[in-house]
Amino acid sequence: MSIVRRVRMICLSTALLVAAAGCGPDPAPAEPVASLPTQAVTQLVADLRRNDLAGYARHALPPELHARLETAWREGRTTWPLTELPLHDRFPTFIAALAAQNAERDLVASFRRQFAGADGELHSAARTLGVFAIQYVRSEAVYSDTERDHHAQLIGAISQWAQTTSLGDSAKGRAAIPQLVSAARATGLAAPDAFAHNGMDRSLRRLGPFVERLKQVLGGYGLDLDAALDSVDATLAEQTGDTARVRIRYQLAGEPVDAYVLVERRQDRWYLSDVLRHAQAEVEAPPRAASAAGQQAAWARAVANRKSAPPRPAAGKVEAARPAATLPDAGKAESGKVEAGTAQANTPSPRPKPKVPRQARAKPRTRRRPRPPSPPPSRAPPARHPRRRPSRPLRPPLPAPPPPRRRNPAKPPRPPLRGLSGRPSGRTFAAQSASDPCHT
């Protein structure tokens, strides 16, 4: 190949590389840096307005703390920044319940049974929950003074909105549930340990469309979160060196919110102090007994076990239902027997016990088996006896007759009375016979 031809090939290759570089995608623009205290607030508000949860996590933390939180996510120890939400530990379970099979049908049926047409009860519950939530925030030690004041105003505004909107509207409920179900399934985070498997950045990017759909559903009920974020006005209240206090004012569901947030500077960037403190606590916290991802995995396993549980065997077929031992298990059992026999042979034999004569051996007392409890007697109706007449009282015995009178031997006998016929009368004869036994 001649030198001219080589130079031509080199020039052509260089031109192709330049053309390819010019036609490629534009380089990603550098992310804005919060160089002012107010920009630390407005940057995070803009991330929430765009539903960019991953960008919120990057802008809210220094790079080294963000990397540590990414590791904690993959280990299942935290779900920050979801921990900033109320009931954050139930959020993975909430996604899994919405993405479950037949979730749309079951949730619609549950809504009709429990909430449809119950606006009065729902308004009362919203009022009660708002009061208790404000008391909890004001008494919880994990919140700072500025957080207590800000959260109390947020809860009051949302509680007032819930007391005026129609949460029990059947038409709105039937329209909202399918939207949330489809958005939850699109996240791909319903499987056990899905949050830990995907990590913080990827999980937050998948949750962005779900948050957008949730905003639309709440907007149908009169709660416009995007309008509230657009109305945020951040002004610098005071600054002392690397710390400052920023005043934020906005409208939420028609209620004004006026609060303050603390910011601090680290490596020429400003961050919210309370957000940094909560993230640092999540990283340094010891592993929980059951994290949010662990609760989601346990819930999913329980549902799977309940669906695939085999039927219970009958009481007399428990032994027959046990599987027979396989060949490896039988070999393990035989090896265990051999090892047990070897250990028994190596152990010193105990001293023999003196033999006891057969007559002197005490006969072991056998324990009598307890008799099975007799079945309870059947409650038969009592037998009806024939009606008996009340017995009459016994009559007193008759008095004994007086003893017979003896005849006086000195007195002559009385002549018998005779009747008209010349015979003794029966009365006289009977009386005489009774008085004189010798009379005939």
Side-chain angles (χ1 to χ4, degrees), residues 47-48 50-57 69-70 72-116 122 158 162 167-221 223 225-226 282 288 290-309:
D47 293 334
L48 295 178
R50 297 192 309 269
N51 308 311
D52 187 6
L53 302 183
Y56 177 93
L69 274 172
E70 179 71 34
W73 259 74
R74 293 191 177 276
E75 294 176 354
R77 294 188 289 112
T78 183
T79 55
W80 187 94
L82 301 180
T83 54
E84 303 294 325
L85 299 174
L87 301 177
H88 61 88
D89 54 338
R90 301 296 180 90
F91 191 80
T93 308
F94 173 65
I95 295 293
L98 285 174
Q101 188 178 6
N102 300 327
E104 181 177 346
R105 181 191 62 188
D106 297 341
L107 292 176
V108 169
S110 178
F111 176 84
R112 290 178 178 176
R113 184 173 59 254
Q114 300 181 8
F115 304 109
L122 292 174
I158 294 176
L167 297 175
D169 192 344
S170 299
K172 292 182 179 180
R174 290 195 303 268
I177 290 175
Q179 299 182 46
L180 295 178
V181 168
S182 61
R185 289 173 178 170
T187 60
L189 298 174
D193 297 332
F195 282 78
H197 177 72
N198 290 276
M200 179 175 65
D201 187 71
R202 190 176 181 183
S203 297
L204 294 179
R205 280 191 280 108
R206 290 191 171 191
L207 285 175
F210 177 79
V211 173
E212 181 180 3
R213 185 62 59 88
L214 180 61
K215 286 181 180 180
Q216 295 175 2
V217 170
L218 293 177
Y221 285 90
L223 182 61
L225 296 180
D226 286 338
E282 289 291 326
R288 299 186 181 94
S291 60
Q295 291 180 359
Q296 181 197 17
W299 177 84
R301 286 193 297 268
V303 173
N305 294 339
R306 183 176 59 183
K307 291 182 178 179
S308 61

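If you read the sequence from its start, that first residue is 1, and numbering goes on from there.
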| said: I want to check something: taking the side chain as every heavy atom from C-beta on, are W80 and M200 in contact at a cut-off of under 4.5 Å? | reply: yes
| Smallest separation among heavy atoms of S203 and L189, with atom names | O-CD1, 3.9 Å
| note | Smallest heavy-atom separation, N51 atom then E212 atom, equals ND2-CB, 3.4 Å
| Using 30° and 60° as the class limits, which term best fits the ring planes of W73 and F195: parallel, tilted or perpendicular? | tilted
| message | Could you check whether any side-chain heavy atom of L98 comes within less than 4.5 Å of a side-chain heavy atom of F210, counting everything from C-beta outward? | response | yes
| query | Can you tell which of V108, D106, V217 makes a side chain to side chain contact (heavy atoms under 4.5 Å, CB included) with I177? | reply | V108
| For L204, which of D52, T79, L53 qualifies under side chain to side chain contact (heavy atoms under 4.5 Å, CB included)? | L53
| Is there side-chain contact between L82 and L207, with heavy atoms separated by less than 4.5 Å? | yes
| said: With heavy-atom distances below 4.5 Å as the criterion, would you say the side chains of F115 and L167 are in contact? | reply: no
| task | Give the minimum heavy-atom separation between Y221 and G173, together with the two atoms involved. | result | OH-N, 3.5 Å
| Rounded to the nearest 0.5 Å, how far apart are CD of E70 and CG of D201? | 6.0 Å
| field | R74 to N198 - nearest heavy-atom pair and separation | value | NH2-O, 3.5 Å
| remark: Correct closest heavy-atom pair for R213 and S182 would be NH1-OG, 3.7 Å
| What closest approach, in Å, do G188 and R206 show between heavy atoms, and which atom pair accounts for it? | O-NH1, 3.6 Å
